[in-house]
Q: 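Please see the structure below; I have some questions.
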Number of protein chains: 2
Amino acid sequence: MNDLDATDLEILKLLQQNASLTNKEISYKLHKSIATVHERIRRLKDQGYIKRVVAILDSKKINRNLIAFSHVLLNDHTANTLNGFEAEVAKFPEVMECFQMTGTFDFILRIATSDMEAYHHFYRNKLATLPNITTVQSFFVLSETKSDTAYPL
Amino acid sequence: MNDLDATDLEILKLLQQNASLTNKEISYKLHKSIATVHERIRRLKDQGYIKRVVAILDSKKINRNLIAFSHVLLNDHTANTLNGFEAEVAKFPEVMECFQMTGTFDFILRIATSDMEAYHHFYRNKLATLPNITTVQSFFVLSETKSDTAYPL
DNA sequence: AAAAAATCCGTAAATTTTATGGTTAATTGT
DNA sequence: ACAATTAACCATAAAATTTACGGATTTTTT
């Protein structure tokens, strides 16, 4: 699992923060040649360390101001119920993330909508129509103190 | 706020999923010229719609297997206490996200560590040493059903 | 309807990515 | 210890992409 050396880790740290860096810029920071950096990054992608490269948007500028975390409890925990819920909820574009959890509820959803009205519509007309839901408890983001996609390395 | 036309939205949708697409590839999908696509993307970055471009890593491959969501309640809600907590918690690399929330607790943290032992160490030696914390309740991710950084557009 | 602004595109220059071959350093087997 | 093999690194050149520029077309404004 860990055949990453210090150079690989530095590259991953940099690309987690800014994947628009050129190989030239990285090579300068790491005191390696462009060719070496290029080969390292190719390997990190091939071996699956880098899953993908994405653009992160400003949620306020695109009018997705309301972020909710919802805790979902299901009626039962048969494979059918769990799989059915996961499959259906993943189809909703408002649901950015879905995690099955330990503890007193079953799933955490991260839901992005434009405002409370849109959230309400999503909740009543989409989420609450799914079968086997016992309760949904939602918490809303007031402000974003830290928002990082980078894992500590 | 919304001076985005259909072409801009299509570009943002594509780049949210895969920012490694070349202008050429995008121009083909959108039936526009390379120059047009390039100019659009430059504007979307300049105007702040695209905050940044990042590499998303495979958390399992880099041994950050344990993701926790922690609900934090503080002793009081004076500006000093809130600002102090936010400033300190943001310094921990284990804390990938921190949101101030509505409802019965104050903050949600997303915490990434290698395993339960590392989480425990973070909790006892870092998080719990911060002043003004009343309670921390943590929930752990069993499995990741959907994990998307893309906002619906 | 004319003027102004915005959108779009082709082309060329600058830069970056990618491929190649060879050198040096590290690892392995005996 | 030492030859053989492998891995890491790098310079260079070719291919591809990004970026800058000028002009044409369309849309909007007055």
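Hydrogens, waters and symmetry mates are skipped; everything else that's a heavy atom, side chains included, is used. Lettering of chains follows the sequences in order, A, B, ..., and the numbering in each one begins at 1.
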Q: Can you measure A/D8 atom CG to D/dC9 atom C1' for me and round it to whole angstrom units?
A: 13 Å
Q: Tell me whether the rings of B/F140 and B/Y119 are parallel (<30°), tilted (30 to 60°) or perpendicular (>60°).
A: perpendicular
Q: Can you tell me which nucleotide in D/dT19, D/dA8, D/dC10 comes closest to the side chain of B/I34?
A: D/dT19
Q: Nearest to the side chain of A/A35, heavy atoms from C-beta on, is which of D/dA11, D/dA8, D/dT18?
A: D/dA11
Q: Does NE2 belonging to A/H121 count more than 12 external heavy atoms closer than 6.0 Å?
A: no
Q: If I take atom CZ in residue A/R40 and atom C1' in nucleotide D/dC10, what distance separates them, rounded to the nearest angstrom?
A: 13 Å
Q: Taking OP1 and OP2 of D/dC9, is either one under 4.0 Å from a side-chain nitrogen or oxygen of A/T36?
A: no
Q: Taking all atoms of both residues into account, what is the closest heavy-atom pair of A/D76 and A/N132, and its distance?
A: OD2-OD1, 4.2 Å
Q: State whether the number of non-hydrogen atoms from other residues, nucleotides or ligands found under 6.0 Å of A/K51 atom NZ is greater than 12.
A: yes
Q: Do the side-chain N or O atoms of A/R43 get closer than 4.0 angstrom to the phosphate oxygens (OP1, OP2) of D/dA8?
A: yes
Q: Let me know the distance between CZ of A/R42 and P of D/dA7, rounded to the nearest Å.
A: 13 Å
Q: Identify the two heavy atoms, one from A/S20 and one from B/V53, that lie closest to each other, and give their separation to 0.1 Å.
A: OG-CB, 3.5 Å
Q: Would you jot down, in residue-number order, the residues of residues 15-29 of chain A having a non-hydrogen atom under 4.0 Å from DNA chain C?
A: A/T22, A/N23, A/K24
Q: Nearest-Å distance, NE2 (A/H38) to C1' (D/dA14)?
A: 13 Å
Q: In whole angstrom, what separates B/E39's CD from D/dA20's P?
A: 10 Å
Q: Using salt bridge (Lys or Arg N to Asp or Glu O under 4.0 Å), reason through A/E97 and B/R110 one step at a time and then give a plain yes or no.
A: CA-CA 13 Å; A/E97 297 182 307; B/R110 179 208 289 255; 2.8 Å; yes
Q: For the residue pair A/H71 and A/F105, categorise the inter-ring angle as parallel (less than 30°), tilted (30 to 60°) or perpendicular (more than 60°).
A: parallel
Q: A quick test of your reading: do over 12 heavy atoms of other residues, nucleotides or ligands sit less than 6.0 Å from CZ of B/F122?
A: yes
Q: Working to the nearest 0.5 Å, report the span between CG of B/N23 and CD of B/E39.
A: 11.0 Å
Q: How bent is the helix from C/dA1-D/dT30 to C/dT30-D/dA1, measuring the angle between the end axes built from five pairs each, rounded to 10°?
A: 50°
Q: Would you kindly say whether A/T134 and A/N75 are connected by a side-chain donor-acceptor distance under 3.5 Å?
A: yes
Q: Could you tell me the separation between the CG atom of B/D3 and the P atom of D/dT28, rounded to a whole number of Å?
A: 14 Å
Q: Are A/I108 and A/V89 connected in the hydrophobic side-chain network, where two residues link if heavy atoms are under 4.5 Å apart?
A: no
Q: How many whole angstroms separate atom NZ of B/K45 from atom C1' of D/dT19?
A: 12 Å
Q: First and last nucleotide of DNA chain C in contact with chain A, 5' to 3', at under 4.0 Å to a heavy atom: what are they?
A: C/dT16 to C/dT18
